[in-house]
**Q** 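Quick one: the structure is below, and I'll ask about it shortly.
Quantities reported herein were computed from a predicted structural model and do not represent experimental measurements.
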Amino acid sequence: MISRSETNGRREDDTRENIAYIRQMLGELRQVALGEGADMLCYLIEMAYVEAGDVQAGRRPRSVFHRD
């Protein structure tokens, strides 16, 4: 039987991987937007990229509604 702490640990690992993936995709999307000259879109994607980095580093919670 899998303990609750093991399940929570696995969820945390999955969450970290998901945030890292999102951040990576945002970086790639930013490059596409930059190449298209979509300045506002590039800016918004960059803000999301920075936010994902802050979440990864633990400087910000994942949600403003549900504190970790």
Side-chain angles (χ1 to χ4, degrees):
M1 182 175 211
I2 298 174
S3 72
R4 185 172 288 214
S5 65
E6 287 175 319
T7 302
N8 288 341
R10 201 172 304 142
R11 273 194 217 131
E12 280 298 316
D13 289 344
D14 288 347
T15 296
R16 278 191 286 272
E17 288 176 14
N18 288 338
I19 296 297
Y21 176 74
I22 290 167
R23 189 168 186 254
Q24 177 185 349
M25 292 298 104
L26 286 166
E28 292 179 26
L29 286 170
R30 184 184 179 281
Q31 291 303 312
V32 173
L34 188 62
E36 293 300 321
D39 295 336
M40 184 60 160
L41 186 54
C42 189
Y43 170 77
L44 293 170
I45 293 169
E46 178 69 18
M47 291 299 97
Y49 179 87
V50 169
E51 178 74 11
D54 287 349
V55 170
Q56 263 187 315
R59 289 187 294 267
R60 300 194 37 96
R62 287 190 312 258
S63 172
V64 296
F65 301 111
H66 303 98
R67 297 288 173 176
D68 295 4

**Q** So that I can tick it off, tell me whether D13 and R10 are bridged by a salt bridge, with the cut-off set at under 4.0 angstrom between side-chain N and carboxylate O.
**A**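 The answer is no: the pair does not qualify as a salt bridge.
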
**Q** Can you give me the closest heavy-atom contact between R23 and A52, atom names plus distance?
**A**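 Reported closest heavy-atom pair: CB-CB, 3.9 Å.
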
**Q** Rounded to the nearest 0.5 Å, how far apart are CG of N18 and CZ of R16?
**A**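 Between atom CG of N18 and atom CZ of R16 there are 11.5 Å.
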
**Q** Mind checking the CG-CD spacing from D39 to E46? Nearest 0.5 Å is all I need.
**A**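 Between atom CG of D39 and atom CD of E46 there are 12.5 Å.
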
**Q** Roughly how far, to the nearest 0.5 Å, is the CG atom of L26 from the OH atom of Y21?
**A**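 One gets 10.5 Å once the value is rounded to the nearest 0.5 Å.
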
**Q** Same cluster for M40 and I45 if Ile/Leu/Val/Met/Phe/Trp/Tyr side chains link at under 4.5 Å?
**A**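 Result: no, two separate clusters.
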
**Q** Is there a path from M47 to L44 through hydrophobic residues (I, L, V, M, F, W, Y) whose side chains come within less than 4.5 Å of each other?
**A**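 Yes: a chain of side-chain contacts under 4.5 Å links M47 to L44.
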
**Q** Supply the atom-to-atom distance Q56 CD to I22 CD1, rounded to the nearest 0.5 angstrom.
**A**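 Going from the CD atom of Q56 to the CD1 atom of I22 covers 9.5 Å.
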
**Q** What's the shortest heavy-atom distance between C42 and R30, and which atoms?
**A**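 Closest heavy-atom pair between C42 and R30: SG-CG, 3.7 Å.
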
**Q** How many angstroms lie between CG in L41 and CG in L34, if you round to the nearest 0.5 Å?
**A**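 Reported to 0.5 Å precision, the distance equals 10.5 Å.
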
